Amino acid sequence: MQRDAPSFGRRVSTAEQSNLQAATTSSVKRGAPALFLSALVDILRGGYEDIIAWNPSGTCFMIRDAERFSDEVLVHHFKHNKLSSFQRQLNLYGFRKISRGPDAGAYAHEHFLRDRPEDIQVMAMSSRAEV
Amino acid sequence: MQRDAPSFGRRVSTAEQSNLQAATTSSVKRGAPALFLSALVDILRGGYEDIIAWNPSGTCFMIRDAERFSDEVLVHHFKHNKLSSFQRQLNLYGFRKISRGPDAGAYAHEHFLRDRPEDIQVMAMSSRAEV
Amino acid sequence: MQRDAPSFGRRVSTAEQSNLQAATTSSVKRGAPALFLSALVDILRGGYEDIIAWNPSGTCFMIRDAERFSDEVLVHHFKHNKLSSFQRQLNLYGFRKISRGPDAGAYAHEHFLRDRPEDIQVMAMSSRAEV
DNA sequence: ATCGTTCTAGAATATTCGAGG
DNA sequence: GCCTCGAATATTCTAGAACGA
């Protein structure tokens, strides 16, 4: 009861300049494109390297400190602070958790690559479609 | 309170260079493919020659020191320290214990050969299929 | 690699005197009765009132400090330290999370009541049967 | 109405115990 | 006494479903 409801901030969406945001909003029929992906991009750009970061090659990202991720990152980008909700979103968008090898524990998606932001737009459009 | 409590480590997966990883992840559709085989490969590469090792020709492996294998190897690669659980996994994946000859006491599998890591990938995919 | 590696303890089973354990082992044909329920009983008896506790009437229990529950309780009673794995077990045994009212957030099961340990034995035997 | 959040369940592998050869 | 296997529970990851904003 003492670690609940830490005043959830609004989606700050530092991604105003993120052409991801622009692209999705323009290409999708009606408004409300997936905020999750743009929030994820923001987070990975946002100087949280000690908490969550890309692997060196930019093919997947790892949550390095789950507790700080919940308390410091999620709270500022979503309406909750639950890692499980974040993971549910990852799976909804087709991310998979890597179970073996050097990147074990990281999440990856074929089209979610650090150096190919264009591909991320494809994700945003196809995520729910393929369901 | 706590009986023996050996500190079970996480699967460290020293198999970074293991192309087993790349092949299986790319060929298998979803989810967590068998960690057991990659862990076994890691173990046999991991500098435990006094505890567990391939035979000279690389066709089977022998547990040379069961006690150290339990306490030093299993604990670091699995969530248990029981040789019997390790043996159960071996049998689930089709390994057989050699009963006679120079390699008596070693475990072998048709597709688990030191110098044919590609074949191990076949194991990973067919092991459960044939069950 | 340098993940966290919490030292997972063995199931300490402080429930020696717990007739739950005796009842299940004697009544069930072959071995391995569900350890989860007896572990849960142990936990709720184990002096973790600040971390997990029954409600005053003993009809449900609440995890009060998720972080300490993972690090201090789960690690000593299971082979993991993941709250999500604990929750999966709760659901497998038919527990439900209370969503509203004074006990919101607590887990409850019709036959899991603090003052009716006999009913818990019924759970242990019927939980999987009804699946 | 769609997406987000939460809770529950499915599916695959892992661990344990014991039966049977 | 091994060795192999069946079966039950446990752990993990992903998906279904209900609800809400």
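Residue numbers start from 1 in every chain, and the chains themselves are labelled A, B, ... in the order their sequence lines are given, proteins ahead of strands. Keep in mind the model is a prediction, meaning the values are calculated, not measured.
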ask   = Looking only at atom types and distance, does a side-chain atom of Ser85(B) sit under 3.5 Å from a main-chain N or O of Asn81(B), one as donor and one as acceptor?
value = no
request  = Find which nucleotide of DNA chain D each of Ser84(B) and Ser99(C) is nearest to by heavy atoms, and output the residue with the more 5' nucleotide.
outcome  = Ser99(C)
Minimum-distance nucleotide (side-chain atoms of Lys79(B) versus dT12(E), dA10(E), dT5(D)) = dT12(E)
query = Leu40(A) has an atom CG; how far is it from atom P of dG4(D), in whole Å?
reply = 12 Å
ask   = OP1 or OP2 of dA14(D) less than 4.0 angstrom from a side-chain nitrogen or oxygen of Tyr93(B), does that happen here?
value = yes
query = The side chain of Leu92(C) lies closest to which of these nucleotides: dA14(D), dT12(E), dT11(E)?
reply = dT11(E)
key: Which nucleotide in dC5(E), dT14(E), dG4(D) has an atom nearest any side-chain atom of Gln89(A)   = dG4(D)
remark   = 5'-most contact on DNA chain E (nearest-nucleotide basis), Tyr107(B) vs Ser85(C), goes to Tyr107(B)
ask   = Expressed in angstrom and rounded to an integer, what is the separation of Phe78(A) atom CZ from dT5(D) atom P?
value = 7 Å
request  = Could you tell me whether the side chain of Lys97(C) and the main chain of Tyr107(C) form a donor-acceptor pair under 3.5 Å?
outcome  = no
request  = Could you check whether the rings of Phe78(B) and His80(B) sit parallel, tilted or perpendicular, using 30° and 60° as the cut-offs?
outcome  = parallel
request  = Between Arg96(B) and Arg88(C), name the one whose nearest nucleotide on DNA chain E is closer to the 5' end.
outcome  = Arg96(B)
request  = Verify the contact: side-chain N or O of Lys97(B) to OP1 or OP2 of dT4(E), cut-off strictly under 4.0 Å; return yes or no.
outcome  = no
task = Whole angstrom is fine here: how far is it from NE2 in His109(C) over to C1' in dT8(D)?
result = 14 Å
message = In this structure, how many angstroms lie between the C1' atom of dT6(D) and the CG atom of Leu83(A), rounded?
response = 14 Å
message = Is there a side-chain contact between His80(B) and the phosphate of dT16(D), meaning an N or O under 4.0 Å from OP1 or OP2?
response = yes
key: Whole-Å gap separating C1' (dT8(D)) and CZ (Phe86(C))   = 15 Å
Rounded distance (Å) that lies between atom P of dT6(D) and atom CG of Asn91(A) = 16 Å
query = Is the backbone of Leu40(C) close enough, under 3.5 Å, to the side chain of His77(C) for a donor and an acceptor to pair up by distance?
reply = no
Ignoring hydrogens and angles, write down the donor-acceptor pairs under 3.5 Å from the side chains of residues 48-56 of chain B, residues two or more places apart or on other chains.
{"from": "Asn55(B)", "atom 1": "OD1", "to": "Gly58(B)", "atom 2": "N", "distance (Å)": "2.8"}
{"from": "Asn55(B)", "atom 1": "OD1", "to": "Thr59(B)", "atom 2": "N", "distance (Å)": "2.9"}
{"from": "Asn55(B)", "atom 1": "OD1", "to": "Cys60(B)", "atom 2": "N", "distance (Å)": "3.4"}
{"from": "Asn55(B)", "atom 1": "ND2", "to": "Ser57(B)", "atom 2": "OG", "distance (Å)": "3.2"}
{"from": "Asn55(B)", "atom 1": "ND2", "to": "Thr59(B)", "atom 2": "OG1", "distance (Å)": "2.9"}
{"from": "Asn55(B)", "atom 1": "ND2", "to": "Asp103(B)", "atom 2": "OD2", "distance (Å)": "3.1"}

message = Tell me the interatomic distance from Leu90(A), atom CG, to dG4(D), atom P, rounded to whole angstroms.
response = 12 Å
remark   = His77(B) atom NE2 is separated from dT15(D) atom C1', nearest whole Å, by 17 Å
